[in-house]
Amino acid sequence: ITGSNAKLLSGELATHLGGRYVEFSIYPFSFAEVCEIKRDKGLDIDTQKVFQTYLRMGGMPFIYESDIDESSQKKYLSDIYDSVGLKDIVGSNSVRNIDILQRILLFLMANIGNPFSSSAVIKFLKNEKRSISQETIYNYINYCEAACFAHLVVREDIVGKQILKFQEKIYLTDHGFREVVYGNNERDIQQILENIVYLELLRRGYEVRIGKVSTREVDFIAIKGNQREYYQVSYILAEETTIEREFSPLESITDNFPKYVLTMDAFDRSRNGIKHVNIVDFLLGE
């Protein structure tokens, strides 16, 4: 859809085109697509260096299709965030308090990959001498989801196979927006790696949920038909406590579906049928 009336809001399209369309989800470039673009240009690829850029700047196409410096890349992302993201959210939903919306967006970006709580948002805004109702918070999050800006991911009790109506997590459709609005993607690498893996699983056609096993958490349950895969995401397995934290929840799951621990480590710590895979290798694999 092109032209001045183009919208990001899939809900509006469904209303106007009910029964007369097929919807395809188009995501920003994956890391594999970024590498493919560079190869098509005849460039020698330093995979780790390209990933470092991808970690900061995300996968919006113009960054990789044009030879522009980092300052211009950030300006490009900032313009998209201001003119497309905010404009669609505000204009399509008649949002009056834009300042509150921007503060909520900032809070969501700072806390991607963390359990979401409306009370935490209310407390955050109260500290900034702002007030908002729980209903309005969830309305704003729904607006962000409809504008293809963010995803609120539900939690599942793996043993009981029940969806839990609390402590969902927020992820962004493109983590590059976080770098230009909030910053610190490299510093908060654990959160960004989770965001990257979440979007990659969506690209591969999975429904994705957060997992809970007793009091422990599984980062992602990837579901396709009757098949499941379980994923833990961590920066590095530097200490034995970290290894146990990532592997033990998967070891407590009694089914025989594939289980993975994804990290930036260069060595393999696979154990008890759980595969340990480098994140870059995972992103470049099928």
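Values reported hereafter were calculated over all heavy atoms of this structure, with side chains retained and with hydrogens, waters and symmetry mates removed.
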Novice: Checking Glu33 side chain against Pro61 main chain: does a donor-acceptor pair fall under 3.5 Å?
Specialist: no
Novice: So, Gln191 side chain and Gly113 main chain: donor-acceptor pair closer than 3.5 Å or not?
Specialist: no
Novice: Does a side-chain N-to-carboxylate-O contact under 4.0 Å join Asp265 and Arg269?
Specialist: no
Novice: May I ask whether Leu152 and Val197 are part of the same hydrophobic cluster, defined by side-chain heavy atoms of I, L, V, M, F, W, Y residues being less than 4.5 angstrom apart, directly or through others?
Specialist: yes
Novice: Tell me, which pairs form a ring-ring contact (aromatic ring centres under 6.0 Å, His included) where one or both residues lie in residues 82-101, sequence neighbours left out?
Specialist: none
Novice: Which label fits Phe107 and Phe124: parallel for a plane angle under 30°, tilted from 30 to 60°, or perpendicular past 60°?
Specialist: tilted
Novice: Let me confirm one number: the CD-CG distance from Glu179 to Leu172, rounded to the nearest 0.5 Å.
Specialist: 12.0 Å
Novice: Hey, quick one: are Ile189 and Ile196 part of the same hydrophobic cluster, counting side-chain heavy atoms closer than 4.5 Å, chains of contacts allowed?
Specialist: yes
Novice: Any side-chain heavy-atom pair from Ile122 and Ile137 closer than 4.5 angstrom?
Specialist: yes
Novice: What distance do Thr173 atom OG1 and Met60 atom CE have between them, rounded to the nearest 0.5 Å?
Specialist: 9.5 Å
Novice: Could you grab the distance from atom CZ of Phe116 to atom OG of Ser119, nearest 0.5 Å is fine?
Specialist: 8.5 Å
Novice: I'd like to check Asp219 versus Tyr198 (side-chain heavy atoms, cut-off strictly below 4.5 Å). Are they in contact?
Specialist: no
Novice: I'd like to know if Glu168 pairs up with Arg209 as an ion pair, taking the criterion as any Lys NZ or Arg NE/NH1/NH2 lying under 4.0 Å from an Asp or Glu carboxylate oxygen.
Specialist: no
Novice: So which heavy atom on Leu193 is nearest to which on Met264, and how close?
Specialist: CD1-CG, 4.0 Å
Novice: For the pair Tyr138 and Tyr143, evaluate ring pair (Phe, Tyr, Trp, His ring centres under 6.0 Å) and give the outcome as yes or no after the intermediate values.
Specialist: CA-CA 9 Å; Tyr138 276 100; Tyr143 300 159; over 10 Å; no
Novice: How are the rings of Tyr27 and His151 set relative to one another: parallel (under 30°), tilted (30 to 60°) or perpendicular (over 60°)?
Specialist: tilted
Novice: Determine, for Phe282 and Arg204, whether the Lys NZ or Arg CZ falls below 6.0 Å from the six-membered ring centre while staying within 45 degrees of the axis.
Specialist: yes
Novice: Any side-chain heavy atom of Phe31 sitting closer than 4.5 Å to one from Ile279?
Specialist: no
Novice: Report the distance from atom CG of Leu283 to atom OG of Ser30, rounding to the nearest 0.5 Å.
Specialist: 8.0 Å
Novice: Less than 4.5 Å apart, any side-chain heavy atom of Asn114 and any of Lys169?
Specialist: no
Novice: Test your reading of the model: is there a side-chain donor-acceptor pair from Asn184 to the backbone of Arg187, 3.5 Å cut-off?
Specialist: no
Novice: Centre of Phe247's six-membered ring, under 6.0 Å away, within 45 degrees of the axis: is that where NZ or CZ of Arg271 sits?
Specialist: yes
Novice: Do side-chain atoms of Thr242 reach the backbone of Ala238 as a donor and acceptor pair under 3.5 angstrom?
Specialist: no
Novice: Between Ser131 and Ile100, what is the shortest heavy-atom contact and its length?
Specialist: O-CD1, 4.3 Å
Novice: In the single-linkage hydrophobic clustering (I, L, V, M, F, W, Y; side-chain heavy atoms under 4.5 Å), do Phe29 and Ile68 co-cluster?
Specialist: yes
Novice: Look at the rings of Tyr81 and Phe149 and say which category their plane angle falls in: under 30° parallel, 30 to 60° tilted, over 60° perpendicular.
Specialist: tilted
Novice: Count the heavy atoms of every other residue, nucleotide or ligand shown that sit under 6.0 Å from NZ of Lys41, and state whether that count exceeds 12.
Specialist: yes
Novice: Quick check: do Ile158 and Val218 have side-chain heavy atoms less than 4.5 Å from each other?
Specialist: yes
Novice: How long is the span from the CG atom in Leu262 to the NE2 atom in His276, to the nearest 0.5 Å?
Specialist: 8.0 Å
Novice: Arg155 side chain to Gln167 main-chain N or O, any donor-acceptor pair under 3.5 Å?
Specialist: yes
Novice: Give a yes or no on whether Asp268 atom CG has more than 12 heavy-atom contacts from other residues, nucleotides or ligands under 6.0 Å away.
Specialist: yes
Novice: Are a donor atom and an acceptor atom from the side chains of Glu217 and Gln232 found within less than 3.5 Å of each other?
Specialist: no
Novice: Taking C-beta and beyond as the side chain, do Tyr182 and Phe177 meet within less than 4.5 Å on heavy atoms?
Specialist: no
Novice: Go through the steps to decide whether Ser71 and Asp69 satisfy the test side chain to side chain donor-acceptor pair (under 3.5 Å), and finish with yes or no.
Specialist: CA-CA 6 Å; Ser71 176; Asp69 59 24; 4.7 Å; no
Novice: Could you tell me whether the side chain of Ile104 reaches within less than 4.5 Å of the side chain of Val121, counting heavy atoms only?
Specialist: yes
Novice: Angle class for the His175/Tyr54 ring planes (parallel below 30°, perpendicular above 60°, tilted otherwise)?
Specialist: perpendicular
Novice: Quick check: does any side chain N or O of Lys259 sit under 3.5 Å from a backbone N or O of Phe257, one acting as donor and the other as acceptor?
Specialist: yes
Novice: Would you say Arg203's side chain and Pro28's backbone share a donor-acceptor pair under 3.5 angstrom?
Specialist: yes
Novice: Can a cation-pi geometry be assigned to Lys224 and Tyr206, taking NZ or CZ under 6.0 Å from the six-membered ring centre and within 45° of the ring axis?
Specialist: yes
Novice: Would a distance-only check, ignoring hydrogens and angles, find a side-chain to backbone donor-acceptor pair under 3.5 Å from Arg130 to Glu128?
Specialist: yes
Novice: Under 3.5 Å, is there a donor-acceptor pair between the side chain of Ser252 and the main chain of Pro249?
Specialist: yes
Novice: Donor-acceptor pair, distance only, cut-off 3.5 Å: does the side chain of Thr136 make one with the backbone of Ile132?
Specialist: no
Novice: Checking Glu229 against Tyr260: is there a side-chain donor and acceptor pair closer than 3.5 Å?
Specialist: no
Novice: Are side-chain heavy atoms of Leu199 and Asn195 found at a separation under 4.5 Å?
Specialist: yes
